[in-house]
Amino acid sequence: MNSLVTADDIQKLADENVDNIRKFLKEAGDGASGFDLLEQFMELMMRYSAAIREVRTKFEVLNDEFSLRNSRNPIESITSRVKKPMSIFEKLRRMGEPVTLQKIEECLNDVAGIRVICPFIDDIYSVAEMLARQDDITVLRVKDYIRKPKPNGYRSYHMIVQVPVFFSDGKRPMRVEIQIRTVAMDFWASLEHQMKYKKDSADRPEISAELKSCAETIAATDARMLAIRKRIEALERRKKDGDDEAFSLK
């Protein structure tokens, strides 16, 4: 995912995606002029960008609080993106839906996306639980690809959440897709995504098997690293308890 989309980024859509925007407007035309429709589309993308900022801030606050109380950060990094116009167009077409602004809001859950990278597997569930407990967050859907990986070996924890965002004309509920994974899971997913290969390739089964084997190796490493961290924490607790006992006997 790319970094957070700003209002300036959205303003550049007309210049950077002329052909895609033109195609989108042609499909989405519902009586409004091209200029009016473009303006409405840009405003909608701005609303999704605002929703990203709302959720991202929540994660940053949780990370700061956890770090203060536990002397370590459960979040390594946070990245985000607003889906590109052509990706929106293509996804609606695959779903068999008309390409309209209304259908974007009704049918797509991943226009606004956030990816949270954690050091350890248990951090993923802690971060997800802390977010879900907040009373202005509504969890609409969860897909746990860590406990139940995809057939290709992909692992990640996905959430679709709804968050209220306040604008000048009132409050609007906005949906955001969140992916939470470890550094190792993200490493595998990023490389797998880069290594595109032809579906009709003769060695496709062998490549798929190799990628899945790598995913399993990475998952095993994640589990071992978590076990090591817990052993270190247990040793530190025993040392602290011993120091406290020695101090109380003096």
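No experiment lies behind these values; they were computed from the predicted model shown. Note that the numbering runs from 1 along the sequence shown for the chain. All values below were derived from every heavy atom in this structure, side-chain atoms included, with hydrogens, water molecules and symmetry-related copies excluded.
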Distance col, row Asp186:CG vs Cys118:SG, nearest 0.5 angstrom, shows 10.5 Å
Applying salt bridge (Lys or Arg N to Asp or Glu O under 4.0 Å) to Glu76 and not counting sequence neighbours gives none
Here the gap from Asn152 atom CG to Ile207 atom CD1, rounded to the nearest 0.5 Å, amounts to 13.0 Å
For residues 59-81, the ring pair (Phe, Tyr, Trp, His ring centres under 6.0 Å) pairs (sequence neighbours left out) are none
On a heavy-atom basis, the closest approach of Ala51 and Val165 is CA-CG2, 3.8 Å
Could you tell me whether Met225 atom CE has more than 12 heavy atoms of other residues or ligands within 6.0 Å of it?
-> no
Applying ring-ring contact (aromatic ring centres under 6.0 Å, His included) to Tyr125 and not counting sequence neighbours gives Tyr157
Lys83 side chain near Arg81 side chain, heavy-atom distance below 4.5 Å: yes
TODO: Starting from the C-alpha separation in whole Å, work towards a yes-or-no answer on side chain to side chain contact (heavy atoms under 4.5 Å, CB included) for Asp122 and Leu226.
DONE: CA-CA 8 Å; Asp122 62 344; Leu226 176 59; 3.4 Å; yes
### Over 12 foreign heavy atoms within 6.0 Å of CD, Glu210
no
For Pro74 and Pro119, the nearest pair of non-hydrogen atoms, with its separation, is O-CD, 3.2 Å
Note: Gly153 and Ala215 closest approach over all heavy atoms is O-CB, 3.4 Å
Just wondering, do Val82 and Ile52 contact through their side chains at under 4.5 Å, heavy atoms?
yes
### Task
Give the cluster check for Leu191 versus Val183: same hydrophobic cluster or not, with ILVMFWY residues linked at side-chain heavy-atom distances below 4.5 Å.
no
Smallest heavy-atom separation, Ser67 atom then Asn73 atom, equals CB-ND2, 3.4 Å
query: Any side-chain heavy atom of Glu177 sitting closer than 4.5 Å to one from Asn109?
result: no
task = Report yes if some heavy atom in the side chain of Met46 is under 4.5 Å from a heavy atom in the side chain of Phe167; otherwise report no.
result = yes
Separation between OG1 (Thr57) and CZ (Arg53), nearest 0.5 Å, reads 8.5 Å
For Ile104 and Phe41, the nearest pair of non-hydrogen atoms, with its separation, is CD1-CE1, 4.1 Å
pair Gln134-Val163: side-chain heavy atoms closer than 4.5 Å: no
Separation between CD1 (Ile146) and CD1 (Ile124), nearest 0.5 Å, reads 3.5 Å
When you look at Lys58 and Glu54, which way does the salt bridge (charged side-chain N to carboxylate O under 4.0 Å, His left out) test go after all the steps?
-> CA-CA 7 Å; Lys58 289 177 178 295; Glu54 290 282 345; 5.7 Å; no
Scanning both residues in full, the closest heavy-atom pair of Pro98 with Leu92 reads O-CD1, 4.0 Å
Taking the side chain as every heavy atom from C-beta outward, state whether Leu44 and Val111 have any atom pair closer than 4.5 Å. no
Side chain proximity check, Tyr154 to Glu192, heavy atoms < 4.5 angstrom:
no
Residue set satisfying salt bridge (Lys or Arg N to Asp or Glu O under 4.0 Å) with Arg94, at least two apart, ordered chain then number -> none
For this session: Take Arg93 and Glu90 through the test salt bridge (charged side-chain N to carboxylate O under 4.0 Å, His left out) and record every step on the way to the result.
Result: CA-CA 5 Å; Arg93 292 297 295 269; Glu90 290 172 349; over 6 Å; no
Please say yes or no: joined through hydrophobic side-chain contacts below 4.5 Å, possibly via intermediate residues, are Met130 and Ile117 part of one cluster?
no
Interatomic distance, CD1@Ile114 vs CG@Leu131, rounded to 0.5 Å, equals 8.5 Å
Can you tell me if CZ on Phe187 sees more than 12 non-hydrogen neighbours from other groups inside 6.0 Å?
no
Interatomic distance, CG@Leu101 vs CD@Glu43, rounded to 0.5 Å, equals 10.0 Å
(message) Do the side chains of Arg141 and Asp110 get close enough for a salt bridge, i.e. N-O under 4.0 angstrom?
(response) no
Check for me, please, whether Ile88 and Ile160 land in the same ILVMFWY cluster - side-chain distances under 4.5 Å, paths through other members count. no
side-chain contact (heavy atoms from CB on, under 4.5 Å) with Trp188: of Thr217, Thr182, Ile218, only one passes, and it is Ile218
Salt bridge (Lys or Arg N to Asp or Glu O under 4.0 Å) pairs touching residues 147-163, sequence neighbours excluded, are Asp144-Arg147
Quiz item: When clusters are formed by joining ILVMFWY residues with side-chain heavy atoms under 4.5 Å apart, either directly or through shared neighbours, do Met86 and Val99 land in the same one?
Solution: yes
Salt bridge (Lys or Arg N to Asp or Glu O under 4.0 Å) pairs touching residues 123-134, sequence neighbours excluded, are Arg72-Asp123, Glu129-Arg133
